[in-house]
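The next block holds one structure in the form of structure tokens; read it before the comments.
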Amino acid sequence: MKLHLVRLAKRQGQARFPGLEGFSTLLMERPQEVEGPRLYVLLEGELVIDLPDHSYLHLRKGEGAHLQGPHKITPIDPSVVAVWNPGGC
């Protein structure tokens, strides 16, 4: 089976997959506060991730980041990101 993750996320806002608990693709258009660990892979657009120590990460298409603690994720433009939440959905 072939899935086009960017198209699914743009059309539905979010795509989840049976058998892959905690994995989804999201269309991000607004900043979001995140409390727990996440793994991000940016599929389209640009993101800025603010970290608690006042540093930040700037992700571009094809880049990823694994974060253990709380953070704020902000899309620069509407962006599509694959997210794995090891704690579930």
Side-chain angles (χ1 to χ4, degrees):
M1 174 187 346
K2 180 179 176 180
L3 299 172
H4 197 287
L5 300 176
V6 173
R7 280 191 209 146
L8 284 170
K10 282 183 171 181
R11 183 177 181 145
Q12 299 173 9
Q14 176 175 336
R16 293 182 184 222
F17 309 98
L20 294 174
E21 295 303 317
F23 178 79
S24 61
T25 56
L26 306 171
L27 174 62
M28 295 197 70
E29 298 180 292
R30 292 174 198 70
Q32 191 175 34
E33 297 284 341
V34 180
E35 292 300 317
R38 297 290 188 282
L39 172 69
Y40 299 106
V41 177
L42 190 58
L43 303 175
E44 184 174 277
E46 285 186 69
L47 296 174
V48 173
I49 301 173
D50 293 307
L51 303 171
D53 66 358
H54 303 290
S55 64
Y56 69 93
L57 300 172
H58 183 185
L59 298 182
R60 292 178 179 88
K61 182 178 176 179
E63 296 180 331
H66 182 243
L67 303 169
Q68 291 294 328
H71 54 279
K72 180 179 180 181
I73 186 167
T74 304
I76 293 176
D77 289 318
S79 300
V80 178
V81 62
V83 180
W84 180 60
N85 174 359
C89 296

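The figures here come from the full heavy-atom set of this structure, side chains too, leaving out hydrogens, waters and symmetry mates.
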Are [Y] and [X] co-members of a hydrophobic cluster defined by side-chain heavy atoms under 4.5 Å apart?
X   : Y   : answer
V80 : F23 : yes
L47 : V41 : no
V83 : L5  : no

Residues forming a salt bridge (charged side-chain N to carboxylate O under 4.0 Å, His left out) with K72, sequence neighbours excluded: none
Interatomic spacing from CD in Q12 to CZ in R7 - rounded to 0.5 Å: 13.0 Å
Inter-residue atom distance L67.CG - L51.CG, 0.5 Å rounding: 6.0 Å
Heavy-atom pair with the smallest gap, counting every atom of P37 and P86: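 Of all heavy-atom pairs spanning P37 and P86, the closest is O-CD, 3.5 Å.
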Heavy-atom pair with the smallest gap, counting every atom of A65 and L57: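 Closest approach of A65 to L57: CB-CD1, 3.9 Å.
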Under 3.5 Å, side chain of [X] to main-chain N/O of [Y], donor-acceptor pair present?
X   : Y   : result
S24 : R16 : no
E63 : R60 : yes
S55 : D53 : no

Residues I73, M28; criterion side chain to side chain contact (heavy atoms under 4.5 Å, CB included); working and verdict: CA-CA 9 Å; I73 186 167; M28 295 197 70; 3.5 Å; yes
With a 4.5 Å limit on heavy-atom distance, are the side chains of [X] and [Y] in contact?
X   : Y   : answer
L59 : I49 : yes
L27 : V81 : no
S79 : L42 : yes
H71 : Y40 : yes
V6  : T25 : no

K10 with E44: basic N within carboxylate O range, under 4.0 Å: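 Counted as a salt bridge, because a side-chain N and a carboxylate O are separated by less than 4.0 Å.
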Test side-chain hydrogen bond (donor to acceptor under 3.5 Å, both in side chains) applied to Q68 - qualifying residues, sequence neighbours left out: H66
Residues forming a side-chain hydrogen bond (donor to acceptor under 3.5 Å, both in side chains) with Q14, sequence neighbours excluded: none
